[in-house]
Enquirer: 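Shown below is the structure under consideration.
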Amino acid sequence: MIQLNWFKTAFRNIRRNISSTIINVGGLTVGFSGAMFLFCLLHYHLSFDDFHPNKDRIYRIVSETNNGTISRYQGVPQPVGKAFKNAYPYAEQVAMRSDNGYSLVTVGEGEDKKLFQISSAYTQPSYFSIFNYPFIKGDASVLGVAGNMVITQKEANRLFPAGDAFGKSVLVNGRLLTIAGILKDLPPNTVNQRQLFISYEDYKIVQPWMASDSSWIAISGGVQCFVLLNKGVNASAVDNALPQFLKQYHPDKNTSLKLSLQPLKDIHFNLNYDGDIEKKQLWGLAVIGIFLLLTASINFINLSTAQIFFRTKETGVRKALGSSNIQIRVQFFIEALLLSLFSLVLSLILVILLFPSFNDFCKTSVSPEALYQYPFVLFVLGMVLIISLLVGYFPGRMLVKLKPVEIMRGYFQQKTSGFSLRKILIVSQFAIVLFMVSCTAIISNQLKSAIQGNLGFKQSGIVLLDIPGERDKSNTITALRNRLSGLSGVKSVSACYASPMSVNNNTSDVVYDNRPPEASFEANIKAVDTGYLSTFDLKLIAGRNLYAGDSINSIIVNEAFLKKVNVTSPEQILGKTIKLNSKPTPIVGVVKDFHVGTFHSEIVPSYLYSKMNYYYSCAVSIDPAQLTKVLPLIEATWKEVYPEKIYSYSFLDEDIKQLYETDITLLKFNQVFTFLVILLGCIGVFGLVSFMAIRKKKEIGIRKVLGAGVDNIVWIFVKEFVRLLLIASAIAIPLSWYFMDKWLTDFAYRLHIGPYNFFWPVLLTFALVIITISVKSINAALANPVKNLRNE
């Protein structure tokens with residue numbers, strides 16, 4: 001039965017020990033806040049697409065090719081959807097979707113004309129029978145008619161803020177379309193983040209070859225097929241049937257194409273198919289959160305047990321007056337619970353205030369409503385209860401074992417001269433700090449070498465401009481290049497498909513030097529102009545540059561291409577041919593290797609050719625000293641050439657950083673939480689030294705009377721921790737070495753871990769601990785020994 005005096009006593013003790021209360025509450029607030037943020041992040045990612053009623057039956061068909069190198073695509077040949085629906089009774093619904101990037105939407109005319117960019121896709125009506133994206137007006141059937149589109153409510157209000165968008169006509173990439181349906185806004189935790197859906201019949205008009213039912217040889221990552229399997233159909237049975245399906249429908253019998261089903265719940269987490277984050281990275285963040293809570297709990301326990309010496313007589317009196325062991329334990333539990341609840345309130349206030357910054361930091365759209373949902377509430381209550389039980393248990397456990405007479409006679413201090421429990425706690429704390437610091441240092445070094453290392457091309461000082469899609473680009477591209485080249489501060493200009501390292505990459509099967517088709521292999525291909533090599537500073541090591549023109553008349557390859565075809569000298573490959581569009585095209589040059597993907601993947605065979613209609617980007621190399629002056633000139637020039645389009649630009653080095661966005665976010669989390677763990681660790685050390693200063697105050701007094709100096713007294717404290725730090729290092733370094741070696745396996749070009757990687761983390765940890773110890777131990781050493789020995 002709960003007694004009121006337990007709470008009165010708890011409040012008195014909390015008020016009397018205000019300094020330790022502030023430290024405990026501060027540490028718990030930091031730990032609780034970090035754990036809450038991480039729980040929101042994990043729950044957000046793990047709940048992706050949970051709102052679809054048939055989520056367990058929704059799959060995406062994905063592709064894999066193996067022409068010497070395994071390549072995976074989230075897209076499939078366009079005919080797959082129709083053929084699969086007709087061939088097997090496995091699927092209740094099948095839907096094709098072709099991504100259309102950011103479409104230019106024009107509303108109004110003349111002075112009232114407004115331009116918008118909206119993410120869009122072509123899709124079939126069955127798409128909305130698979131996914132739970134409800135309509136506000138209209139229904140999915142309207143997408144069966146060319147010229148129709150549906151749009152989310154948010155974008156409809158943006159296009160027509162003063163009226164109803166339903167039934168209105170707008171220009172989308174120059175084509176007149178009718179808004180025949182309005183959708184509820186899509187939740188942020190869905191993989192299908194498109195805001196505008198155009199009838200798939202329009203895709204057949206705009207891209208007749210890609211949308212043809214005979215275009216089996218073309219695979220685009222944007223052309224995707226989703227299926228809703230019938231109830232009771234096993235996905236493995238479908239996977240087993242897909243090879244026979246390809247043999248029946250695919251006309252090219254020599255293809256290495258392989259199809260398989262990807263569960264909806266896997267799409268967000270599978271980086272092989274353009275996922276956003278791996279589950280193992282989420283579990284890594286969960287471990288960080290656990291470490292933070294452990295450190296806060298250890299800190300709390302250390303400071304709580306340090307106060308036991310002020311509570312021994314109180315406990316002795318309670319036991320003499322008949323208090324049971326359970327009642328004494330409950331007293332300490334209530335005190336821990338009150339501090340935990342107060343810390344929880346402060347943490348919730350902090351979390352609410354920092355929630356917008358948290359979303360910006362994580363690049364997420366977690367709703368603040370998550371703080372009121374039952375998973376979060378259960379997590380918070382469980383966290384507070386467990387920590388309160390742990391923190392309340394240890395002090396009570398140490399006191400209930402003693403008899404009242406022993407406590408009154410002061411036996412407690414003598415009998416608890418060994419504190420193995422505290423040693424275990426402090427070693428655990430040091431090990432966590434060392435582990436976090438070491439991992440953060442290795443991740444930082446790896447990403448620094450990946451982003452700032454030698455990629456084989458120039459990164460800094462290059463501005464990338466979008467080239468709008470047009471049927472005939474020759475006049476506008478020529479005008480843009482000529483005008484930009486004449487600007488002061490511009491070094492060189494290149495029109496191209498994409499920069500050397502980009503999210504936009506194309507691959508193609510290569511038939512080299514008239515070899516048989518079965519000897520073909522996959523290569524990365526880039527459409528570039530004659531200024532590409534100079535703009536990106538690609539090194540030509542043999543042959544010549546491409547000639548100007550819009551016909552594919554020559555090719556440049558990289559060194560990886562030579563290795564693939566077993567050519568030892570760059571000069572030997574000059575004059576050899578690659579078959580493009582059934583036409584042998586000569587190789588006229590060789591460039592040094594450059595990265596087309598991140599350090600996660602190896603440098604692949606690549607070749608460059610000229611084709612103006614495939615240019616979607618314009619790279620401008622500028623003088624960094626004239627950046628602020630030349631950027632407005634570039635914008636004005638671009639708008640002169642494309643007055644009806646929306647101007648946008650980016651810097652190449654920033655785009656490259658975006659390719660490592662998930663890794664950089666993980667690093668930032670490590671840095672922030674490592675700092676918090678170090679902070680809490682130092683507080684824990686401070687608490688432990690406080691305990692030692694109390695326990696050893698008479699020893700310190702005697703030593704000072706006998707002539708010991710401050711340095712001798714400080715060494716008494718320091719030597720206790722040097723052994724513990726060495727033990728923690730022996731635990732943390734092998735663990736961090738093991739886990740970082742596993743993490744680095746995802747990088748084809750990786751940091752090699754050696755003992756030197758742990759020198760600075762260990763040195764930093766030792767320095768912080770010794771400084772923290774010195775602050776408290778010097779105070780103890782300077783204390784008047786008469787006060788310490790007065791009771792003797």
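In what follows, every heavy atom counts, from backbone to side chain, and hydrogens, waters and symmetry copies are set aside.
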Enquirer: Between Ile277 and Leu282, is any pair of side-chain heavy atoms under 4.5 Å apart?
Expert: yes
Enquirer: Do the charged groups of Asp99 and Arg194 touch, with an N to O distance under 4.0 Å?
Expert: yes
Enquirer: Determine the minimum heavy-atom distance between His600 and Asp746, stating which atoms define it.
Expert: ND1-O, 2.9 Å
Enquirer: Looking only at atom types and distance, does a side-chain atom of Asp239 sit under 3.5 Å from a main-chain N or O of Ser260, one as donor and one as acceptor?
Expert: no
Enquirer: Do the numbers put Lys526 on top of the ring of Tyr497, so that NZ or CZ is under 6.0 Å from the six-membered ring centre and no more than 45° off the axis?
Expert: no
Enquirer: Salt bridge (Lys or Arg N to Asp or Glu O under 4.0 Å): which pairs involve residues 204-222, sequence neighbours left out?
Expert: Lys82-Asp213, Glu201-Lys204
Enquirer: Tell me if a side-chain donor or acceptor on Asn240 pairs with a main-chain N or O of Ser236 at a distance below 3.5 Å.
Expert: yes
Enquirer: May I ask you to decide if Pro188's main-chain N or O and Gln193's side chain share a donor-acceptor pair within less than 3.5 Å?
Expert: yes
Enquirer: Let's go through Leu183 and Phe197 carefully: what are the C-alpha distance in whole Å and the side-chain angles of both, what is the deciding distance for side-chain contact (heavy atoms from CB on, under 4.5 Å) to 0.1 Å, and is it a yes or a no?
Expert: CA-CA 10 Å; Leu183 295 164; Phe197 298 90; 3.8 Å; yes
Enquirer: Hey, do the aromatic rings of Phe128 and Phe135 have their centres closer than 6.0 Å?
Expert: yes
Enquirer: For residues 140-162, which residue pairs qualify under salt bridge (Lys or Arg N to Asp or Glu O under 4.0 Å), counting only residues two or more places apart or in two chains?
Expert: Glu155-Arg158
Enquirer: In terms of relative ring orientation, are His45 and Phe48 parallel, tilted or perpendicular, with 30° and 60° separating the classes?
Expert: parallel
Enquirer: Go through the steps to decide whether Gln78 and Ser215 satisfy the test side-chain hydrogen bond (donor to acceptor under 3.5 Å, both in side chains), and finish with yes or no.
Expert: CA-CA 7 Å; Gln78 200 284 142; Ser215 59; 4.8 Å; no
Enquirer: Using every non-hydrogen atom in the two residues, find where Leu143 and Ser199 come nearest and quote the distance to one decimal.
Expert: O-OG, 2.7 Å
Enquirer: Can you name the residues that form a side chain to side chain contact (heavy atoms under 4.5 Å, CB included) with Ser367, not counting sequence neighbours?
Expert: Glu369
Enquirer: Can you tell me if Thr106 uses its side chain to pair, donor with acceptor, with the backbone of Lys113 under 3.5 Å?
Expert: no
Enquirer: Considering residues at least two apart in sequence or located in another chain, which fulfil the ring pair (Phe, Tyr, Trp, His ring centres under 6.0 Å) criterion with Phe131?
Expert: His52, Tyr127, Tyr133, Phe226
Enquirer: Is the distance from the ring center of Phe379 to that of Phe39 below 6.0 Å?
Expert: yes
Enquirer: Answer yes or no: is there an ion pair linking Asp274 with Arg72, defined by an N-O contact shorter than 4.0 Å?
Expert: no
Enquirer: Just verifying a value: how many Å separate Leu228 CG and Lys55 NZ, rounded to the nearest 0.5 Å?
Expert: 13.0 Å
Enquirer: Assess the residue pair Thr364 and Asn359 against the criterion (side-chain hydrogen bond (donor to acceptor under 3.5 Å, both in side chains)); give the C-alpha distance rounded to whole Å, side-chain angles, the decisive distance to 0.1 Å, and a yes or no.
Expert: CA-CA 5 Å; Thr364 56; Asn359 273 323; 2.9 Å; yes
Enquirer: In terms of side-chain geometry, is the basic nitrogen of Glu92 or Lys231 positioned less than 4.0 Å from the acidic oxygen of its partner?
Expert: no
Enquirer: Look only at the side chain of Ser103 and the backbone of Val105, and say whether a donor-acceptor pair between them is shorter than 3.5 Å.
Expert: no
Enquirer: Looking only at the aromatic ring of each residue, does the gap between the centers of Phe245 and Tyr249 stay below 6.0 angstrom?
Expert: yes
Enquirer: State the NE2-CD distance between His268 and Glu278, to the nearest 0.5 angstrom.
Expert: 11.5 Å
Enquirer: Evaluate Lys258 against Thr65 for side-chain contact (heavy atoms from CB on, under 4.5 Å), listing each step before the verdict.
Expert: CA-CA 6 Å; Lys258 178 183 176 182; Thr65 59; over 6 Å; no
Enquirer: Centroid separation under 6.0 Å, is that true for the rings of Tyr203 and Tyr200?
Expert: yes
Enquirer: Report the residues that fulfil side chain to side chain contact (heavy atoms under 4.5 Å, CB included) with Gln658, sequence neighbours left out, ordered by chain and then residue number.
Expert: Glu661
Enquirer: Which atoms form the tightest heavy-atom contact between Met501 and Ile656, and what is the distance?
Expert: SD-CG2, 3.8 Å
Enquirer: Go through it in stages, so that I can follow the logic: the residues are Asp164 and Lys137, the test is salt bridge (charged side-chain N to carboxylate O under 4.0 Å, His left out), and I'd like the CA-CA distance, side-chain angles, deciding distance and then a yes or no.
Expert: CA-CA 11 Å; Asp164 188 1; Lys137 289 187 177 181; 2.4 Å; yes
Enquirer: Listed by chain and number, what are the ring pair (Phe, Tyr, Trp, His ring centres under 6.0 Å) partners of Tyr647, not counting sequence neighbours?
Expert: Trp638, Tyr649
Enquirer: Checking side-chain contact (heavy atoms from CB on, under 4.5 Å) for the pair Val377/Tyr372: CA distance, chi angles, key distance, verdict?
Expert: CA-CA 7 Å; Val377 174; Tyr372 311 109; 6.0 Å; no
Enquirer: Which pair of non-hydrogen atoms, one from Ala527 and one from Lys611, has the smallest distance, and what is that distance?
Expert: CB-O, 4.0 Å
Enquirer: Taking C-beta and beyond as the side chain, do Val227 and Leu261 meet within less than 4.5 Å on heavy atoms?
Expert: yes
Enquirer: Mind checking the CD1-CG spacing from Ile58 to Asp49? Nearest 0.5 Å is all I need.
Expert: 7.5 Å
Enquirer: Minimum heavy-atom separation for Gly147 and Asp202, please, with both atom names.
Expert: N-OD2, 2.8 Å
Enquirer: So, Tyr609 side chain and Ile525 main chain: donor-acceptor pair closer than 3.5 Å or not?
Expert: no
Enquirer: When rounded to the nearest 0.5 angstrom, what distance separates CG in Asp50 from CG in Asn189?
Expert: 7.5 Å
Enquirer: May I ask you to test the Val641-Ile477 pair for a side-chain heavy-atom distance under 4.5 Å?
Expert: no
Enquirer: State, yes or no, whether a side-chain contact exists between Ile182 and Val150 at a heavy-atom distance under 4.5 Å.
Expert: no
Enquirer: Under the criterion side-chain contact (heavy atoms from CB on, under 4.5 Å), I'd like the reasoning laid out for Leu354 against Phe37: C-alpha separation, chi angles, the key distance, then a yes or no.
Expert: CA-CA 10 Å; Leu354 295 179; Phe37 278 128; 3.7 Å; yes
Enquirer: Please check this pair: side chain of Asn230 against backbone of Tyr90, looking for a donor-acceptor N/O pair closer than 3.5 Å.
Expert: yes
Enquirer: Kindly say whether Val94 contributes a backbone atom to a donor-acceptor pair with the side chain of Ser126 at under 3.5 angstrom?
Expert: yes
Enquirer: Does the side chain of Leu264 reach to within under 4.5 Å of the side chain of Tyr59, using non-hydrogen atoms?
Expert: no
Enquirer: Are more than 12 heavy atoms from other residues, nucleotides or ligands located less than 6.0 Å from atom NZ of Lys657?
Expert: no
Enquirer: Ignoring hydrogens and geometry, is there a side-chain-to-backbone donor-acceptor pair from Ser47 to Tyr44 under 3.5 Å?
Expert: yes
Enquirer: Any sub-3.5 Å donor-acceptor pair from Arg60's side-chain atoms to Gln262's backbone N or O?
Expert: no
Enquirer: Return the CD to OH distance between Gln117 and Tyr102, rounded to the nearest 0.5 Å.
Expert: 8.5 Å
Enquirer: Measuring from atom CE of Met612 to atom CG of Asn475, what distance do you get when rounded to the nearest 0.5 angstrom?
Expert: 9.0 Å
Enquirer: I need the minimum non-hydrogen distance between Leu242 and Leu259, along with the two atoms involved.
Expert: CD1-O, 3.5 Å
Enquirer: May I ask you to check whether Phe361 and Phe669 place their ring centres under 6.0 Å from each other?
Expert: yes
Enquirer: Give the C-alpha distance, both sets of side-chain angles, the deciding distance and a yes or no for salt bridge (charged side-chain N to carboxylate O under 4.0 Å, His left out) between Lys279 and Asp266.
Expert: CA-CA 9 Å; Lys279 279 189 177 179; Asp266 182 62; over 6 Å; no
